[in-house]
Q: 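Below you'll find the structure I mean.
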Number of protein chains: 2
Amino acid sequence: MRNYSKQREVIVEVLRSTDTHPTVQWVYEKCREKLPKISLGTVYRNLTELKKDGDVLELSVGDGFQHYDGDVKEHMHFYCHNCGTILDCEMPKNNLKDFLQNKLNCEVNLSGYVFSGLCSSCINLNG
Amino acid sequence: MRNYSKQREVIVEVLRSTDTHPTVQWVYEKCREKLPKISLGTVYRNLTELKKDGDVLELSVGDGFQHYDGDVKEHMHFYCHNCGTILDCEMPKNNLKDFLQNKLNCEVNLSGYVFSGLCSSCINLNG
DNA sequence: GTAAAAAGTAGTAACGATTACTATTTTGAG
DNA sequence: CTCAAAATAGTAATCGTTACTACTTTTTAC
């Protein structure tokens, strides 16, 4: 990975250090704890470069924000449309809906593009 | 379906008459062919209402636009990140990746949220 | 080492899809 | 018909993202 600027290093570090699939704004704020003068544009530009190079993954869940994932091995995500949590999910090998239902303990709604529904804690809150 | 305004009727008609998963702008322009004075805000508001009522589906593919689908039976979509085409796809019953590969004749990339990759015509163009 | 070229950055302005707002029109119950 | 509630057209505002500019850092060539 070509990584010669301190800013890019920090951005990658921040992404690698979480499994929360953060927004650009969150990454920016975390970076500023280490580099108080880093600019938002730099975060955007580097994330775009890193995505292009295959070093990070960009996720669109439909909440109006792009999300980023420092884990680039092939896997899926589940988005809870109630609390906004994004969960990692291994590739299913068999019936997808049953798989997700058992694996994540979620009410999966496969309509549309995105795996989304209610995560287990939101089910408990609403039930 | 509660549908008493002419505008909402036309919006639904437009969505039902295509399988292209259009953007709001496209719906707006189609509606203006029938109702030249319809406003963009009306299209947005009605699409939001229709979505809330379960009469249309909203799709986020990550291209910066919301897309809408008048077909609300449970099904999936495949998004070609080269040409932007959105294809319908029945619920797979078995191994998902193999299924999509065979069914759509696409190079599927399941990383991230969205089924996306190259559609068959884009594979031919690039190969 | 040094100088010029190339790439990256901070800060700010601009963009554009979406949402909010307002005055006006349409709808529907009594 | 009448009047309140709901919808609309048109426009302004919002805000995540992108573009731009002057400046700094890194790389390359000598």
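Lettering of chains follows the sequences in order, A, B, ..., and the numbering in each one begins at 1. Worth saying up front: this structure is predicted, and the values here are computed from it rather than measured.
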Q: If I take atom OG1 from residue A/T18 and atom CD from residue A/E13, how far apart are they, to the nearest 0.5 angstrom?
A: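 The OG1 atom of A/T18 sits 13.5 Å away from the CD atom of A/E13.
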Q: Just the rounded figure in Å: distance from P of C/dT26 to CG of B/L35.
A: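 Result: 13 Å.
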Q: Of all the choices, C/dT18, D/dT17, C/dG8, which nucleotide is nearest to the side chain of A/S5 once you look at every atom?
A: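 The listed nucleotide nearest to A/S5's side chain is C/dG8.
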Q: Counting only side-chain N and O atoms of B/Y44, is one of them less than 4.0 Å from OP1 or OP2 of C/dT19?
A: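 So the side chain of B/Y44 is outside the cut-off, no N or O lying under 4.0 Å from OP1 or OP2 of C/dT19.
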Q: With sequence neighbours excluded, what pairs up with B/H67 under the ring-ring contact (aromatic ring centres under 6.0 Å, His included) test?
A: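 Partners of B/H67 under the ring-ring contact (aromatic ring centres under 6.0 Å, His included) test: none.
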Q: Between the two ends of the helix from C/dG1-D/dC30 to C/dG30-D/dC1, what is the bend in degrees, rounded to 10 degrees, where each end axis spans five pairs?
A: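 One end's axis against the other's: 30°.
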Q: Given 3.5 Å as the limit, does a donor-acceptor pair link the side chain of B/D53 with the main chain of B/D55, or not?
A: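 No, B/D53 side chain to B/D55 backbone: no donor-acceptor pair under 3.5 Å.
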Q: What pair of heavy atoms forms the shortest contact from B/I11 to B/T42, and how long is it?
A: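 Scanning both residues completely, I find the closest heavy atoms to be CD1-O, 4.1 Å.
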Q: So, using salt bridge (charged side-chain N to carboxylate O under 4.0 Å, His left out) as the criterion, who are the partners of B/D71 when residues are at least two apart?
A: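 Here the qualifying residues are B/K73.
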Q: Rounded to the nearest angstrom, tell me the gap between atom NZ in B/K6 and atom P in D/dA9.
A: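 Roughly 13 Å, once rounded to whole Å.
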Q: In whole Å, what is the span from the CD atom of A/E49 to the P atom of D/dT18?
A: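 Atom CD in A/E49 sits about 12 Å away from atom P in D/dT18.
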Q: Would you mind reading off the distance between A/L47 atom CG and C/dG8 atom C1', rounded to a whole angstrom?
A: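 It works out to 15 Å between those atoms.
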Q: How close do A/L40 and A/Y28 get, counting heavy atoms only, and between which atoms?
A: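 A/L40 and A/Y28 have their closest heavy atoms at N-CE1, 3.4 Å.
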Q: On the nucleotide C/dT9, are OP1 or OP2 found under 4.0 Å from the side-chain N or O atoms that A/R45 carries?
A: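 The answer is yes; a side-chain N or O of A/R45 sits under 4.0 Å from OP1 or OP2.
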Q: Restricting both atoms to N or O, compile the protein contacts to nucleotides 11-16 of chain C shorter than 3.5 Å, with distance only.
A:
from	atom 1	to	atom 2	distance (Å)
C/dG11	OP1	A/K37	NZ	3.2

Q: Determine: side-chain N/O of B/Q7 to OP1/OP2 of D/dA9, distance under 4.0 Å, yes or no.
A: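 So the side chain of B/Q7 is within the cut-off, an N or O lying under 4.0 Å from OP1 or OP2 of D/dA9.
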Q: Return the minimal non-hydrogen interatomic distance between B/R16 and B/G70, and the atom names on each side.
A: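 The answer is NH1-O, 2.7 Å.
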Q: Which is true for A/Q66 with a 4.0 Å heavy-atom rule: it touches a base, it touches only sugar-phosphate, or it touches nothing?
A: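 A/Q66: backbone/sugar contact only, no base atoms under 4.0 Å.
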Q: Measure from CG on B/N46 to P on C/dT26 and round the result to the nearest Å.
A: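 Rounded to whole Å, this separation is 16 Å.
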Q: Just to verify, what does B/E49 make a salt bridge (charged side-chain N to carboxylate O under 4.0 Å, His left out) with, not counting sequence neighbours?
A: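 In terms of salt bridge (charged side-chain N to carboxylate O under 4.0 Å, His left out), with neighbours along the sequence ignored, B/E49 is linked to B/K52.
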Q: So, using salt bridge (charged side-chain N to carboxylate O under 4.0 Å, His left out) as the criterion, who are the partners of B/D19 when residues are at least two apart?
A: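 B/D19 satisfies salt bridge (charged side-chain N to carboxylate O under 4.0 Å, His left out) with no other residue.
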Q: Give the rounded distance in Å between these two atoms: CZ of B/R8 and P of D/dT8.
A: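 So the CZ-P distance, B/R8 to D/dT8, works out to 7 Å.
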Q: In whole Å, what is the span from the NZ atom of A/K52 to the P atom of D/dT18?
A: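 Going from NZ in A/K52 over to P in D/dT18 covers 11 Å.
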